[in-house]
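See structure below.
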Amino acid sequence: MRIYTDPHALQAEALARRARGERVGFVPTMGFLHAGHRSLMELARPRCDWLVVSIFVNPLQFGPSEDLSRYPRDPEGDAALCAAAGVDALLLPPTLYDADHSTTVEVGGPSEGLCGASRPGHFAGVATVVARLFGLVQPSFAVFGEKDYQQLAVIRRLTRDLALPVEIVGGPLVRDTDGVALSSRNAYLSPDERQRARTLSAGLFALQAAAAAGERRAEVLLSTAAARFAVDRLDYLELRAADTLAPLATLDRPARALVAAFVGRTRLLDNVPVEPA
Ligand code: AMP
């Protein structure tokens, strides 16, 4: 595995490989890698000739009062995980932007509501960094996790609207053995908070079970989940159409239940598929 700190050196290599007809696979991350990230690399590995992973904690997607400065980092551990997963190139840039970077990519549609409502500017920061990374890495396809379900929808829309020649592949959400969705931010949780974090997935699983038993009213399904939550502040809990993310009052098509909540100071996300019975 080769480590690149200069994004333009990686771009030169990517362009040469694409010109030779190679398939370039790409998994963008913010590091502090875990089995969820690794599953995306394993999904990508057999589908490409050259697999690139990037680690960059993108300041553009953090709000002024968010955790940019304390976001967990472990470059050595991350490099070892990538090498073990068969990654060919690891991009670890000190920065990705020129000092006078002046372009922002704003995606409407799926950016609205959910995390878009509680984190103003977040998805513009995500779309801007992803567009720049696509230009640098020249991927044939890129893999994003369903853990960040709205982000995946935003990136699909960005790629379609700007006609970027990159296939977007979604990878399933990976959970710990106790049901908690794996996240770099789980490192912030105290033992008590970790116990309470489990109630998010427990609530969502109860919602899935109620749907499987025939309940179709979104209000009832959502209160089934919320009754289990032992969180400090619920940011949102919603039932949305799985494809368009349109809000649903009735479970009459494939859907997704999505939650964001604070446990202590840590904001956690989770989501599950919900099918009409
Ligand atoms: P992050 O480092 O949090 O920006 O995540 C990088 C990529 O890994 C994103 O596409 C995430 O959706 C994905 N990811 C993070 N956690 C998980 C998980 N538990 N399961 C699947 N994908 C994940």
Side-chain angles (χ1 to χ4, degrees), residues 1-34 36-61 73-105 107 123-145 148 151-171 184:
M1 183 178 78
R2 177 154 170 207
I3 296 180
Y4 291 80
T5 53
D6 175 3
H8 293 286
L10 181 130
Q11 186 187 47
E13 178 69 20
L15 286 166
R17 286 177 181 271
R18 289 301 300 270
R20 294 204 293 270
E22 288 190 21
R23 253 175 92 70
V24 175
F26 181 38
V27 180
T29 81
M30 297 204 301
F32 211 70
L33 302 176
H34 49 65
H37 298 111
R38 185 167 175 149
S39 72
L40 306 183
M41 298 173 202
E42 285 164 357
L43 195 58
R45 181 62 281 180
R47 301 181 183 210
C48 60
D49 301 299
W50 197 52
L51 176 56
V52 180
V53 169
S54 65
I55 296 180
F56 179 61
V57 183
N58 173 35
L60 296 186
Q61 70 192 68
R73 288 163 209 255
D74 178 16
E76 285 84 29
D78 288 350
L81 184 147
C82 289
V87 171
D88 296 302
L90 175 58
L91 176 61
L92 265 174
T95 181
L96 270 185
Y97 303 111
D98 296 306
D100 59 350
H101 178 96
S102 319
T103 302
T104 302
V105 182
V107 181
F123 286 121
V126 169
T128 301
V129 78
V130 168
R132 183 158 170 86
L133 283 165
F134 282 3
L136 289 165
V137 177
Q138 300 286 310
S140 316
F141 69 91
V143 188
F144 294 85
D148 300 278
Q151 169 175 279
L152 175 59
V154 169
I155 288 159
R156 286 193 197 283
R157 185 66 58 90
L158 160 77
T159 307
R160 190 203 70 184
D161 285 356
L162 298 187
L164 303 178
V166 182
E167 180 196 347
I168 304 303
V169 178
S184 307

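Checked by atom type and distance alone, the side chain of Arg23 pairs as donor or acceptor with a backbone atom of Arg47 at under 3.5 Å. Formation of a donor-acceptor pair under 3.5 Å by the Arg160 side chain with backbone atoms of Ala163 is not found in this model. In this structure a side-chain-to-backbone donor-acceptor pair under 3.5 Å is present from Gln11 to Gly135. Although no hydrogens or angles enter the test, the distance criterion places a donor-acceptor pair under 3.5 Å between the side chain of Arg132 and the main chain of Leu96. With hydrogens and angles disregarded, a donor-acceptor distance shorter than 3.5 Å links the side chain of Asp6 to the backbone of His8. Checked by atom type and distance alone, the side chain of Ser184 pairs as donor or acceptor with a backbone atom of Gly31 at under 3.5 Å. With Thr128 contributing its side chain and Val105 its backbone, the two residues share a donor-acceptor pair below 3.5 Å. Checking side-chain atoms of Asp78 against main-chain N and O of Phe32 turns up a donor-acceptor pair under 3.5 Å. Counting only distance, with no hydrogens or angles, the side chain of Asn58 and the backbone of Gly125 share a donor-acceptor pair below 3.5 Å.
Rounding to the nearest 0.5 angstrom, the gap separating the CD1 atom in Ile168 from the CG atom in Leu152 is 8.0 Å. Rounding to the nearest 0.5 Å gives a distance of 14.0 Å between CZ of Phe141 and OG1 of Thr159. To the nearest 0.5 Å, atoms CG (Leu164) and CD1 (Ile155) are separated by 11.0 Å. Taking OG1 of Thr29 as the start and CZ of Phe144 as the end, the distance is 10.5 Å to the nearest 0.5 Å.
Considering every non-hydrogen atom in both Pro94 and Thr5, the closest pair reads CD-O, 3.4 Å. Closest non-hydrogen pair, Cys48 versus Gly25, comes out as CB-N, 3.5 Å. Of all heavy-atom pairs spanning Pro93 and Phe56, the tightest one is O-CD1, 4.0 Å. Summarising the geometry of Pro139 relative to Val166, their closest heavy-atom pair is O-CG2, 3.6 Å, with the distance given to 0.1 Å. The two residues Leu51 and Ala44 come nearest to each other via the heavy atoms CD1-CB, 3.7 Å. When every heavy atom of Leu136 is checked against every heavy atom of Leu10, the shortest pair comes out as O-CD2, 4.0 Å.
The number of heavy atoms from other shown groups lying within 6.0 Å of CZ (Arg2) does not exceed 12.
Gln138 is not listed as a side-chain neighbour of Val24, based on a closest heavy-atom distance of 4.5 Å or more. Side-chain atoms of Ser140 and Glu22, non-hydrogen and from C-beta on, never get closer than 4.5 Å to each other. Counting only heavy atoms from C-beta outward, the side chains of Gln151 and Val130 never approach each other to under 4.5 Å. Counting heavy atoms from C-beta on, the side chains of Leu158 and Val126 never come closer than 4.5 Å. At least one side-chain heavy atom of Leu33 sits less than 4.5 Å from a side-chain heavy atom of Met41. Arg38 is listed as a side-chain neighbour of Leu81, based on a closest heavy-atom distance under 4.5 Å. Between Val52 and Tyr4 there is no side-chain heavy-atom pair separated by less than 4.5 Å. At a threshold of 4.5 Å between non-hydrogen side-chain atoms, the residues Asp49 and Arg17 do not count as touching.
Partner of Val27 under the side-chain contact (heavy atoms from CB on, under 4.5 Å) criterion, chosen from Leu40, Leu43, Val87: Leu40.
Between His34 and His37, the ring-plane angle classifies as tilted under the 30° and 60° cut-offs.
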